[in-house]
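To keep things clear, I will list the structure first and then write my remarks on it.
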Amino acid sequence: MDFPVFHLDFLGNRLLFAVIAVTHVWINHALAVGAMPLIALLEWWGHRAKRPEIDRLAHRILTVCFVVTTTLGALTGVGIWLSASLVNPRAIGSLIRVFFGAWFVEWLVFVAEVVAIMAYYLTWERMAERKRAHIAIGAALAGFSWLTMAIIVAVLGFMMDPGSWTARRTFFSGVLNPVYLPQLAFRTPVAMLAAGLFAMFLTYFFTRRDRDLRHQATRLISLWSLAWLPLAVAGALWYRSVVPEAMLANVPTALATQAFAGWYRTLLVLIVALAAAAALIAAWGAARPAWLPRAALLVPFVLALLLLGTFERVREFVRKPWVIGGYMYANGIRADELPLLHEEGLLPHAAYATVRSVTAQNRRDAGREVFLQACTRCHTATGVNSVVRRLETMYGPRQWDRDVVKAYLLSMHTTRSYMPPFPGSDEEAGALADWLAGLRAAPEPVAGAQSAGIGGGR
């Protein structure tokens, strides 16, 4: 309510943030947190065994990780801050107030991580005679990479369940929230596992002329991946045990919505078809296609990425209706503000609203402004996750009854636990129902403040 409303009506604010955040998690977990200790291990192995070909393999894997993490990884990291600040500035402002000290330390660690990866990559050949010192740089880089994730996971856990912070309001009560350590215990081995699967895929390409090296490197990386697998399972079980029951109840909806079930069915068909093709080729003794080993090695890495992506999507969804559990709803409105807003209305307290009250002459304009303030963090008017299409699944193609829509708006949080309570007055709910009915009759994208002026109006 204190900021202009940023809104992308085609893509949607939620999808904008999701694409950036999931891409960053893929890169951060697999190519930074997980890959750096594995690369340092490969370098140590090559040094101890006096095998320069292993050292070259480690360097080539590092080259891929270095290029991706310092380009797309860095861009998406900054993109998370930018998109979060645009989409829900009240939420990011609250998190900064609680975790200012942690984020300050995280930025110092991140700078150290950047310096370490530059030194580790650029001095690989220059420090060939001082391998122990160079391996120590790799170990330090691995530590810095993990520490940045460990700090951010405290914030993510806080957003799911602040624990005693709601009563104590102290820094350490926020950091040591009930979800922090279990989530960290899950993310750490999954990152290591994803890195192992990615390194195995790269190893196939980088060792095409040395089958003995391929065999030995694949064996080591396989042992690395298998060693982390039971820890990932244990972390997942621990993590599930601390997720609030209300959030666990949202998991089926998170998996069923937005065609998630359809995506997994398609993926399963492709994997079964690939496995069947490989089995038939092996059974009949036919010539093995050149693409088969590459595809077979790519499948587990893609599955690891899907696990991380699904985890992020489900984690974000099950937290609803909250952006900070028990404290702030997904639309940026604090739980303790609802009684006042129900009594006085949302619009009088929206600093940049172009309509400050509902009248007989401005009902639809007021409804549009209520939609901008209360709904656009998750919904669009005509684009992805359109509010009109959501209502059409409930009321069908027939003409909507305005009073029925209004009644739903006022009670939606009771039938759909992942929806926040309507944050305005009864009159504002009626204005929103009028605007939604008009929008269905004449669909029109809703412009945010960035394209329609500071207040978001026309």
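Side-chain atoms are counted along with the backbone in the values below, which use heavy atoms only and exclude waters and symmetry mates. We number each residue from 1, following the sequence as shown.
- Atom CE of Met200 is separated from atom OG of Ser222 by 3.5 Å, given to the nearest 0.5 angstrom.
- Residues Phe422 and Val370 meet the side-chain proximity criterion, which asks for heavy atoms closer than 4.5 Å.
- Heavy atoms only, all atoms of each residue included: Phe144 and Ala116 are closest at CD1-CB, 4.2 Å.
- Thr414 and Ser411 share no side-chain donor-acceptor pair at under 3.5 Å.
- One distance of note links CG of Asn177 with CD of Gln183; it measures 8.5 Å at 0.5 Å rounding.
- Smallest separation of non-hydrogen atoms from Ala366 and Ala431: CB-CB, 4.3 Å.
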Q: Would you check, one step at a time, whether the test side chain to side chain contact (heavy atoms under 4.5 Å, CB included) holds for Arg377 with Arg14?
A: CA-CA 6 Å; Arg377 272 71 177 186; Arg14 184 175 67 173; over 6 Å; no
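- A centroid separation of less than 6.0 Å is found between the aromatic rings of Phe66 and Tyr121.
- Ion pair Arg363/Asp434 flagged as a salt bridge, since at least one NZ, NE, NH1 or NH2 atom sits closer than 4.0 Å to an Asp/Glu carboxylate oxygen.
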(Q) Does Arg334 form a salt bridge (Lys or Arg N to Asp or Glu O under 4.0 Å) with Glu337? I'd like the steps, not just the answer. (A) CA-CA 5 Å; Arg334 296 198 313 268; Glu337 295 174 329; 3.3 Å; yes
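- Ring centroid separation for the pair Phe317 and Tyr418 comes in under the 6.0 Å cut-off.
- Side-chain atoms of Asn28 do not come within 3.5 Å of backbone N or O of Met149 as any donor-acceptor pair.
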Q. Can you check side chain to side chain contact (heavy atoms under 4.5 Å, CB included) on Gln373 and Val5, steps first, answer last?
A. CA-CA 7 Å; Gln373 298 291 333; Val5 176; 3.7 Å; yes
(Q) Does Ser145 form a side chain to side chain donor-acceptor pair (under 3.5 Å) with Glu113? I'd like the steps, not just the answer. (A) CA-CA 6 Å; Ser145 299; Glu113 179 187 359; 3.1 Å; yes
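- Between Thr76 atom OG1 and Leu82 atom CG the span is 12.5 Å, to the nearest 0.5 Å.
- Summarising the geometry of Pro445 relative to Asp9, their closest heavy-atom pair is CA-OD2, 3.3 Å, with the distance given to 0.1 Å.
- The closest donor-acceptor contact from the side chain of Arg440 to the backbone of Trp435 lies at 3.5 Å or more, if one exists at all.
- Using a 4.0 Å cut-off between a side-chain N of Lys or Arg and a carboxylate O of Asp or Glu, Lys406 and Glu427 do not qualify as a salt bridge.
- Between Leu193 and Leu229 the shortest side-chain heavy-atom distance falls below 4.5 Å.
- Within 6.0 Å of atom CZ in Phe171, more than 12 heavy atoms from other residues, nucleotides or ligands are found, so the atom counts as buried in its surroundings.
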**Q.** From CA spacing to verdict: side chain to side chain contact (heavy atoms under 4.5 Å, CB included), Val404, Tyr408
**A.** CA-CA 6 Å; Val404 171; Tyr408 168 71; 5.7 Å; no
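- Aromatic rings of Tyr180 and Phe158 (six-membered ring for Trp) have centroids beyond the 6.0 Å cut-off, not under it.
- Aromatic ring orientation, Trp107 versus Phe110: perpendicular (interplanar angle above 60°, classes split at 30° and 60°).
- The cationic atom of Arg169 (NZ for Lys, CZ for Arg) lies less than 6.0 Å from the six-membered ring centre of Trp165 and within 45° of the ring axis.
- When atom types are taken as modelled, the side chain of His24 and the backbone of Gly77 share a donor-acceptor pair closer than 3.5 angstrom.
- Of all heavy-atom pairs spanning Leu410 and Asp426, the tightest one is CD1-OD1, 3.4 Å.
- Atom-to-atom distance recorded for Phe198:CZ and Ile61:CD1 is 8.5 Å, nearest 0.5 angstrom.
- Pairing each heavy atom of Arg356 with each of Pro348, the nearest pair is NH2-O, 2.9 Å.
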Q | Intermediate values then yes/no, side chain to side chain donor-acceptor pair (under 3.5 Å), Thr354 and Glu369 | A | CA-CA 7 Å; Thr354 57; Glu369 194 64 46; 3.0 Å; yes
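- Ion pairing between Glu312 and Arg315 holds under the 4.0 Å rule for side-chain N and carboxylate O.
- The side-chain heavy atoms of Val19 and Leu15, taken from C-beta on, include a pair separated by under 4.5 Å.
- Looking only at distances, no side-chain donor or acceptor of Asp2 sits under 3.5 Å from a matching main-chain atom of Arg90.
- Asp365 contributes no side-chain N or O that, together with a main-chain N or O of Asn362, makes up a donor-acceptor pair within less than 3.5 Å.
- When side chains are defined from C-beta on, Trp103 counts as touching Ile152, because their heavy atoms get closer than 4.5 Å.
- Ion pair Arg313/Glu316 not flagged as a salt bridge, since none of the NZ, NE, NH1 or NH2 atoms sits closer than 4.0 Å to an Asp/Glu carboxylate oxygen.
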Q: Evaluate the criterion side chain to side chain donor-acceptor pair (under 3.5 Å) for residue pair His379 and Arg390; output intermediate values, then yes/no.
A: CA-CA 9 Å; His379 292 284; Arg390 292 293 178 188; 5.1 Å; no
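- Residues Phe311 and Arg187 meet the side-chain proximity criterion, which asks for heavy atoms closer than 4.5 Å.
- Under the 6.0 Å cut-off for aromatic ring centres, Trp228 and Trp224 qualify, their centroids lying closer than that.
- Lys320 places a side-chain heavy atom less than 4.5 Å from the side chain of Cys378.
- Trp238 and Phe186 have their aromatic ring centers separated by at least 6.0 angstrom.
- Contact check for Glu245 versus Leu248: side-chain heavy atoms found under the 4.5 Å cut-off.
- In this structure, Thr380 and His7 approach most closely via the heavy-atom pair CA-CE1, 4.0 Å.
- Between Met192 and Pro37 the shortest side-chain heavy-atom distance falls below 4.5 Å.
- Checked against the 6.0 Å centroid criterion, the rings of Trp322 and Tyr327 do not qualify as a close aromatic pair.
- Atom CE of Met419 sits about 9.5 Å away from atom CG of Asn331, to the nearest 0.5 Å.
- Atom CG of Leu432 and atom CG of Leu346 lie 10.5 Å apart (nearest 0.5 Å).
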Q.
Could you go through Thr188 and Leu184, starting from their C-alpha distance and side-chain angles, then the distance that decides it, and tell me whether this counts as side chain to side chain contact (heavy atoms under 4.5 Å, CB included)?
A. CA-CA 6 Å; Thr188 299; Leu184 186 61; 3.8 Å; yes
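- Donor-acceptor pairing under 3.5 Å is lacking for the side chains of Asn250 and Thr253.
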